[in-house]
Amino acid sequence: METVDLLIVGGGINGAGLARDAAGRGLKVLLCEKDDLASHTSSWSTKLIHGGLRYLEHREFRLVRESLLEREVLLNAAPQMVKPLRFVLPHHKGLRPAWLLRFGLFLYDHIGGRRVLPATETVNLQTGPLGAPLADVFTQGFEYTDCQVDDSRLVVLNAMDAVQRGAEVRTRTMFESAERAGDHWIATYKDASGNAHKVQAKAIINAAGPWVTDVLGAVSGAEARKKLRLVKGSHILTKRLYDHDRAYIFQNADGRIIFAIPYVNDTTLIGTTDESFEGDPASAAISDDEIDYLCASISEYLKQPVTRDQIVSTFSGVRPLYDELGKQDASAVTRDYAFDIDHDEGRAPLLSVYGGKLTTYRKLAEHALAELKPFFPDMAEGWTRDAALPGAPDGGYQAWTRWVPELEKRYGFIPKPVLERMLRAHGVNLDAALAHAPSEQDLGRHFGHGLYEVEVAYMINNEFARSAADILNRRTKLDDVMSPDEKAQVAQFVEMSLRDHPQAA
């Protein structure tokens, strides 16, 4: 029987971040994910690393401060992927007064130890490109900075780093059950072929996101002692709505906010909604009411309304929020996280993770492992704050700006938009991802839209990709632009690669 220190259930951002941190502290870690990494909540976000400006109104100052501090930590940890993004907040005279917005942004600039990112500025929306898409009634606004990220690739990078530090990461692996045997657990899981395996673990972390209570139900003697609230958030992608590179944050009369963000494949990402959800989180889909809400909300601010025929695609995800207060308004439920630790003296611990947000995953991992420290007295201290993720150069954000011209020159034969995507995905590991190809001909088969054989092979061998969907949806975001025939070719290549090289990571 396999023996590990820590069994982690769930391959979203929290599970991957926990595996990385724990492996780096010297623990023997096994992570099980029933689908692909980031298959669900962690690839359905608004793709932001941010403090959460609207959380200030809910007086969640600790969460905002922690998030703002993490913003620059992650900017240095993965500068190829975490990109500073300026947000324009138009002043709506019928909603919050301008002085209140400016005060909130003053706090936002100063409570999070901002060092690299630029401060808030007041902007005139009557002239220049920032006001051009907006209705004429919006004459003044504010511009501040947060960061944009490829959420699912951030999960992949954490999993890659975990493996490099000794963890085992197994996708398509379903956690089945666990029972205590004194000071350890005996857990059962099934691999992709349906074969059952047992593993002995000193501790289990339940990081299954929306399925956290399902996992608890499969653990002998365990029960959910905290309240989980499932909240659906939906987004629409439209054809690009404006020409500049800023994002917008729009206030709504219902107290919520809507983002309009420049996104991949010449689109604009608009979201999000907040609706209570019941049922299987994997089946979440946008409703007609949500589409109408998003179109109406953003159209209130624009000269040209957003209509259904502009929508390129949609996505919906279920957020597993910690709802201690049982709030009726889904948008008011905290995005903070909480732990439920099930243990008795001398018995193996089970730690379940409730809530959390993409931005704070690293701190969540630190706090969770601090809770488990009494069970692992020899575990090393936290180390991730100043550690780079795979693809990041030594020196963080400033160093990355110096690397880019060198890589652009080396791979100048690749069309610029394609190379930009590859640089965001792989950073300084681009040489490995492209097998040091000296010319376009050496990249192998071109599947379309800048996806080449060598990169697909790299994702299979190093990034846990096991299907065309893994590659097109979660590692390249090319699914919306690929034709059915192109997708079929990618699927065929992946199938052949796995058949010929079943030992791929």
Side-chain angles (χ1 to χ4, degrees), residues 4-45 49 74 77-78 80-82 149-175 189 191-192 199 204-209 211 353 356 358-362 364-366 368-369 383-384 387-392 424-427 429 432-433 455-467 469-471 473-477 494 498 503-505:
V4 299
D5 294 315
L6 184 60
L7 171 64
I8 298 173
V9 182
I13 188 60
N14 289 334
L18 282 157
R20 176 196 183 219
D21 194 342
R25 297 181 190 225
L27 299 187
K28 187 175 182 181
V29 177
L30 170 63
L31 183 150
C32 295
E33 163 55 46
K34 65 187 180 68
D35 297 308
D36 181 29
L37 295 171
S39 285
H40 302 291
T41 304
S42 295
S43 61
W44 295 330
S45 77
I49 299 295
L74 296 177
Q80 75 279 19
M81 186 186 304
V82 180
V149 70
D150 184 330
D151 49 6
S152 53
R153 285 206 63 86
L154 183 62
V155 177
V156 169
L157 291 190
N158 275 272
M160 291 172 66
D161 202 26
V163 169
Q164 290 170 14
R165 297 176 188 277
E168 286 280 343
V169 173
R170 297 176 189 165
T171 61
R172 272 75 177 187
T173 300
M174 172 69 80
F175 172 81
Y189 65 87
D191 61 26
V199 58
I204 296 176
I205 294 183
N206 174 9
W211 291 274
V353 178
L358 189 70
T359 304
T360 55
Y361 84 89
R362 191 196 66 84
L364 182 152
E366 278 191 342
L369 291 174
W383 60 276
T384 58
L389 284 160
R424 288 195 303 269
H426 305 293
N429 286 345
E455 187 184 15
V456 172
Y458 177 83
M459 292 174 181
I460 295 169
N461 293 323
N462 298 277
E463 296 187 352
F464 315 95
R466 289 292 176 272
S467 72
D470 296 354
I471 290 165
N473 288 336
R474 290 175 286 278
R475 286 160 183 78
T476 65
K477 304 294 193 291
V494 173
L498 294 174
Q503 74 280 6

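Along the sequence shown, residues carry numbers from 1.
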For this session: For side-chain contact (heavy atoms from CB on, under 4.5 Å), just list the numbers for Trp383 and Asp21, CA-CA rounded to whole Å, side-chain angles, deciding distance to a tenth of an Å, and then say yes or no.
Result: CA-CA 7 Å; Trp383 60 276; Asp21 194 342; 3.3 Å; yes
Exercise. When you look at Asp5 and Val29, which way does the side-chain contact (heavy atoms from CB on, under 4.5 Å) test go after all the steps?
Worked result: CA-CA 6 Å; Asp5 294 315; Val29 177; over 6 Å; no
For this session: Would you please test Leu7 and Tyr189 for side-chain contact (heavy atoms from CB on, under 4.5 Å) and show each step?
Result: CA-CA 11 Å; Leu7 171 64; Tyr189 65 87; 5.7 Å; no
Exercise. When you look at Leu364 and Val353, which way does the side-chain contact (heavy atoms from CB on, under 4.5 Å) test go after all the steps?
Worked result: CA-CA 9 Å; Leu364 182 152; Val353 178; 3.8 Å; yes
For this session: Start with the C-alpha gap between Asp35 and Arg474, add the side-chain angles, then the distance that decides, and say whether salt bridge (Lys or Arg N to Asp or Glu O under 4.0 Å) holds.
Result: CA-CA 12 Å; Asp35 297 308; Arg474 290 175 286 278; over 6 Å; no
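Looking only at side-chain heavy atoms (C-beta outward), Glu463 and Arg153 come within less than 4.5 Å of each other. Under the 4.5 Å side-chain criterion, counting only non-hydrogen atoms from C-beta, Asp151 is not in contact with Ile13. Counting heavy atoms from C-beta outward, Lys477 and Asp150 have side chains that approach closer than 4.5 Å. Contact annotation: the side chain of Ile460 approaches that of Arg466 to within less than 4.5 Å [non-hydrogen atoms, C-beta and beyond]. The side-chain heavy atoms of Asp36 and Arg172, taken from C-beta on, include a pair separated by under 4.5 Å. Taking 4.5 Å as the limit, some side-chain heavy atom of Phe464 sits within range of a side-chain heavy atom of Val163. Between Leu37 and Val169, some side-chain heavy-atom pair lies under the 4.5 Å cut-off. The side-chain heavy atoms of Met81 and Leu389, taken from C-beta on, include no pair separated by under 4.5 Å.
The distance from atom CD1 of Ile49 to atom CG of Leu74, rounded to the nearest 0.5 Å, is 5.0 Å. Rounded to the nearest 0.5 Å, atoms CD1 (Ile8) and CG (Asn206) are 11.0 Å apart. The line from CG of Leu369 to CD1 of Ile205 is 5.5 Å long, rounded to the nearest 0.5 Å. The line from CG of Leu18 to CG of Leu6 is 7.5 Å long, rounded to the nearest 0.5 Å.
A side-chain N or O of Arg362 and one of Thr384 form a donor-acceptor pair less than 3.5 Å apart. Judged by distance alone, the side chains of Lys34 and Ser39 never bring a donor and an acceptor atom under 3.5 Å apart.
In this structure a side-chain-to-backbone donor-acceptor pair under 3.5 Å is present from Gln80 to Pro390. Remark: side-chain polar atoms of Arg170 are not paired, donor with acceptor, to backbone N or O of Cys32 under 3.5 angstrom.
In terms of the side-chain hydrogen bond (donor to acceptor under 3.5 Å, both in side chains) criterion, Thr173 has no residue partners (sequence neighbours excluded). Residues satisfying the side-chain hydrogen bond (donor to acceptor under 3.5 Å, both in side chains) test with Arg165, not counting sequence neighbours, are Asp161. For His40, the ring-ring contact (aromatic ring centres under 6.0 Å, His included) partners two or more places apart in sequence, or in a different chain, are Trp44, Trp211.
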